[in-house]
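A, B, ... follow the sequence lines: proteins, then strands. Residue 1 opens every chain.
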Amino acid sequence: MLKDKEFWLVAGGLSLAFLLYWFAGYPLFKEERLVMFLVISIMTGNLIYYIRYARKGGEIFLRSIPGLKAVEEAVGRSTEMGKSVLYVPGIMDMDQVETVAGVIILGHVSKMTSRYETSLNVPVSRSIVMKAARETVREAYTMEGRPDLFQDDMVHYLTDDQFAYAAGVNGIMVREKPAACLYMGKFFAESLILAETGNSIGAIQIAGTASQSQIPFFVTACDYTLIGEEFFAASAYLSQTPELMGGLKGQDMMKAGVTAAILLSLFMRILFDLGLIKWNIISILTVQ
Amino acid sequence: MMGPWIAAFLTLAIFSYLYKDNPFYKVAEHLFVGISTGYWTSMFFWTQIQPNLFGRLWPASEYNSDLIWYKLYNVLGVFSSVFPDGGIDKGHHMELLYLLPFALGIMMLLSVSSKLSWMARWGIAYTVGMAAGLRAYGFLNSNVLGQIKGSAFQIFNSDLPFFALASESIFNNFIILIGTITGLMYFYFSREHTGNFGKLSKLGIYFLMISFGASFGFAVMGRISLLIGRFVDLITYSGSAYNHATLWLLLVMILLLGYSAFFDKNSVSDNESAE
Amino acid sequence: MDKIFDFILRAGKVDRRWIFLIIGLAVLLPLFFPLGLPIRATIATQKVYDAVEALEENSKVLLSFEYGPSTKPEIHPMAIGLLKHLFTNGHKVYVTCLWPDGQFMADEALTEVAEEEFNLTYGEDYVVLGFRPGNEAVVKGMVSNIRKLYTTDARGTLVDEIPLMKGINKVADFDFIFSASAGYPGTLEWVQYASDPTGVPLSTGTTSIMVNDIMPMVNSGQVQGILAGMPGAAEYEALIGSPGIGTSGMDAQSIAHLVIVLFIVFGNITYFIEVQRSKKY
Amino acid sequence: MLWKRQIPILLATIVGLSTLFGWFIDHPGIESFVNDDATQWYDILASFAIFLGALNLMKLQGKKVLKQQSGWQYSLFAIGGFLFAIVAGFVYKGNDAVEWGIHVTSKGTLFKWMFEYMFTPLSATMFALLAFFVASASYRAFRVRNLEATLLLVSGIIIMVGRVPLGSSISSWFIMYLLVLISSIAVNIKFKDKKITFGALFVGVLIVTVWGSALGWPLDQPGIFYLPVLQDWIYNNPNVAGARAIMIGIGLGIFATSIRYIIGVEKSYIGE
């Protein structure tokens with residue numbers, strides 16, 4: 001695991017420099033914020049380490065995500081029933097991380113629809129998203145050796161407005177009656193309208209979003225939901241880009257670190273309350 | 001006096017969407033897009049650009065009409081509302097360094113033409129960079145460190161009872177600790193969720209679901225409160241003081257929508273509304 | 001038995017506009033015929049009340065308005081209730097806004113409470129610094145030097161000429177912060193960039209949908225209690241003993257909640273029947 | 001490529017690092033630049049971003065009108081609404097006693113009239129629509145399709161009813177009898193034997209009645225079945241645990257994304 005010599009050289013050098021600076025009386029440094037400085041440096045180092053690890057082709061394991069398996073089943077079901085797959089990449093633009101993740105998962109879905117020759121319908125609400133999504137779907141169809149199946153209007157622009165877009169997508173659902181509806185991206189209150197109509201036409205519905213306030217509605221109205229970080233992990237895994245995979249692994253390590261920190265500080269609190277140690281963990285963690 | 005009538009009309013026009021996506025709704029919707037953009041533009045200009053940018057470039061405290069800089073200002077004085085005579089008096093001293101953000105801002109405006117669209121990137125890079133610098137510290141300190149501190153609760157010689165349903169107690173704090181740790185385990189991707197680890201992450205998703213249930217309950221509560229607020233306004237506008245604006249407009253709208261519904265029945269139109 | 005199930009199944013496919021009509025009436029009727037059900041304070045609301053009560057005589061309180069017309073029914077009653085509470089206890093109020101609409105909401109609340117009810121003088125008992133764009137950067141700027149950000153108040157007077165502003169140079173000079181917030185920027189930004197770094201105690205009142213994002217910070221003590229949506233506002237009005245718009249909406253809220261719970265239960269009954277039926281055939 | 005790519009990435013890195021180190025530097029001069037001037041520049045650029053949005057909107061709506069695309073008549077209202085707001089903001093004050101710049105917030109001006117009678121009803125009603133959509137979704141979409149959704153709906157319902165005044169008038173005894181009824185239905189589905197079901201129902205009712213009369217039937221005792229108390233417990237404990245896990249997860253996620261922006265690895269903001 002710790003084979004990245006170059007990284008450790010630089011990290012060792014920097015910490016040495018900081019130690020010297022510290023013993024030289026740390027001029028111009030806010031002493032009460034030392035804890036935060038150390039936490040930020042350790043976590044940044046951890047992130048950089050894993051991004052380099054991923055860039056050098058290091059193997060990164062990812063647990064199976066139930067929502068992703070459900071997507072494959074849903075596309076399979078649509079193929080059996082000879083119906084289309086409806087894919088909604090959220091209502092925001094490409095500057096939102098969730099929309100980028102939605103387009104990545106669209107690539108994965110369009111690989112399947114090209115293999116099974118299922119018809120795919122992708123209504124979008126932003127012109128830049130249309131260009132990016134069209135590019136992703138064309139690339140997926142060509143990689144699967146079926147460029148002939150790809151048509152431009154599989155990915156089509158409806159409108160920028162939130163509720164007019166929801167009404168338009170509802171119209172498509174009621175008319176085409178797709179067997180699978182996939183909602184992957186950033187959503188606001190219109191998620192209710194989409195999930196409700198999808199439910200009324202009996203489609204399998206799978207949603208993926210990090211929009212906090214919409215997750216409860218998707219969980220109850222859809223068959224499967226990729227919740228918050230699961231959504232990002234799925235898109236990182238499917239994109240196979242080193243930065244995303246490395247970032248994902250780095251964040252996992254930070255989560256493990258935070259869990260350990262919680263248990264450790266609880267333990268130190270017990271020792272302090274019983275008078276066995278003098279450091280009060282609460283004041284250490286209070287950085288002003 | 002016309003105000004309440006317009007307010008009542010716009011409210012009913014948006015509510016008419018519930019019947020179906022009709023022209024009243026489309027008009028109100030587009031008006032909303034136009035007005036809100038113009039409203040935000042005016043607010044942002046008059047609370048930041050004019051006082052804190054132009055106010056620092058041409059402050060009244062250092063007004064001196066011999067300088068070329070202030071001669072240029074007098075030329076701009078043709079827009080007297082923005083550049084009043086004698087400089088902008090907002091309590092600033094001259095800081096020409098503010099020409100930098102001004103230049104970045106102008107570049108952003110020029111990016112509206114597709115050829116120069118790359119120019120917006122410098123301004124966006126500045127805002128993205130600063131937001132990253134602020135949030136990296138802010139979220140780590142308050143949302144992570146603060147929560148670790150919140151989880152290290154007092155067990156020994158604390159004045160909390162061991163068990164109490166309605167108030168804080170050590171038992172409740174244990175529940176929160178277990179829920180937090182198992183919840184974090186659910187979002188751990190580097191290990192398959194099998195065996196004991198799988199059982200704990202299963203417990204974690206149950207805690208997360210209770211939390212989503214609370215958000216769900218509160219979301220419904222919030223939506224209902226907003227509807228109550230609108231109905232209270234509509235009731236006030238239907239009072240005699242506003243000569244029953246809501247009632248008249250409601251009547252007119254129902255008649256028009258009823259007529260168009262009757263008219264549609266004959267031609268089977270491809271109705272894209274939220275059926 | 002099957003006839004009943006058929007009826008339930010057919011009712012399950014009813015046009016959604018009937019549902020709109022039912023929920024519309026469930027909200028409208030209680031506004032005409034109030035039931036006056038009793039209101040009971042919850043722990044989180046009590047914490048806010050105690051935090052304000054604990055302030056010593058004429059403390060300097062920073063009240064920030066981050067909501068607009070679309071979320072006014074939930075938060076405006078809180079702002080009015082809080083202003084009454086602060087002025088009754090004789091505190092000085094400084095108003096800032098992170099949302100442009102916040103300024104209109106602040107003027108409306110202050111006109112109703114400060115001018116009409118308590119007839120206080122602007123500039124000596126309360127001051128409105130107004131809106132500045134920039135989200136969290138505005139909070140960060142206020143924490144380090146408020147006078148560089150606000151050289152004038154919302155009425156155009158130079159800050160140095162306002163008596164109440166004497167001795168106020170940054171957020172740490174305030175004794176208490178209250179954020180009436182409906183989203184971003186709002187409570188979270190005030191905790192992250194003002195309250196946590198400076199230690200000034202902070203309470204908040206938010207829309208229902210945002211409450212759960214702040215609850216962990218209420219539990220960890222970073223936020224001294226939270227007024228949660230319209231019910232929170234009604235409870236606070238009951239605690240300070242002046243029922244207002246928050247309380248009057250509560251009957252409609254109760255009935256509407258009951259209707260929605262019945263919808264969920266009824267919807268799931270049709271769901272169970274469909275599942276049982278599909279298993280049989 | 002230097003102007004379009006290298007410089008923006010370099011700018012983001014420099015500004016990001018200076019803001020991040022700004023938290024730790026204890027030097028009045030540097031601190032005042034990083035915390036006051038740099039944030040003022042951010043506020044200025046945020047304003048220009050809004051003006052850019054306005055220009056893009058007008059470009060989009062204008063093109064729609066000129067090319068007479070479908071629904072272009074409505075775009076006239078969008079442009080008209082925008083121009084009306086600009087007139088109220090920059091051309092006609094409506095109350096000359098007020099200075100320019102202060103008119104956007106003071107009484108009696110055309111701008112305040114537009115806010116009160118046009119902006120407020122439009123934005124408030126747009127949100128109020130959601131109450132109707134929640135109601136219809138509650139009826140037609142929210143199903144207890146698996147254990148997770150069941151937990152979500154049950155805790156949601158307890159909190160919704162427990163938090164409103166109506167909840168405090170529902171006695172804990174009513175809830176206990178309701179639970180007995182639900183568990184007997186579950187027993188019926190499981191064993192499909194009428195005798196066992198009625199047996200369970202009878203025993204349940206008996207226990208509740210005996211317990212009730214022993215306690216004297218108070219409205220809010222035992223607390224665990226009194227909705228407001230149960231709601232407060234759920235809300236302040238298991239809910240906080242779940243919300244804390246989510247908060248930590250998102251906090252780490254935003255920290256990681258911010259660091260990727262600062263070290264120049266994340267370049268989505270320039271469309272890559």
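By number of non-hydrogen pairs under 4.5 angstrom with chain B, the leading residue of D:Ile259, D:Ile7, D:Val240 is D:Ile7. The candidate from B:Pro84, B:Gly217, B:Gly179, B:Ala125 with the greatest count of non-hydrogen atom pairs under 4.5 Å with chain D is B:Ala125.
If you measure heavy-atom distances from D:Phe90 to chain B, the contacts under 4.5 Å come from both the backbone and the side chain. Proximity to chain B (any heavy atom under 4.5 Å) is restricted, for D:Leu153, to the side chain, taken from C-beta onward. Contacts of D:Tyr226 with chain B are absent, with no heavy-atom separation under 4.5 Å from either backbone or side chain. Contact of D:Ile248 with chain B is made through backbone and side chain together, with heavy-atom distances under 4.5 Å. Using a 4.5 Å cut-off between heavy atoms, D:Arg260 does not touch chain B at all. Looking at D:Asn236, the atoms closer than 4.5 Å to chain B (heavy atoms on both sides) all sit in the backbone: N, CA, C or O.
Side-chain contact check for B:Arg230 versus D:Pro121: some heavy-atom pair is nearer than 4.5 Å. Counting heavy atoms from C-beta on, the side chains of D:Thr19 and B:Tyr137 never come closer than 4.5 Å. Looking at D:Glu148 and B:Phe212, their side chains never come closer than 4.5 Å, going by heavy atoms from C-beta outward. When side chains are defined from C-beta on, D:Ser47 does not count as touching B:Phe45, because their heavy atoms never get closer than 4.5 Å.
The local environment of CZ in D:Phe127 is sparse, with at most 12 non-hydrogen atoms from other residues, nucleotides or ligands closer than 6.0 Å. In D:Phe21, the CZ atom is not crowded: 12 or fewer heavy atoms of neighbouring residues, nucleotides or ligands sit closer than 6.0 Å.
A search for side-chain hydrogen bond (donor to acceptor under 3.5 Å, both in side chains) contacts involving B:Gln147 returns C:Gln222, D:Arg244, not counting sequence neighbours. In this view, D:Trp233 and B:Asn172 satisfy the side-chain hydrogen bond (donor to acceptor under 3.5 Å, both in side chains) rule, not counting sequence neighbours.
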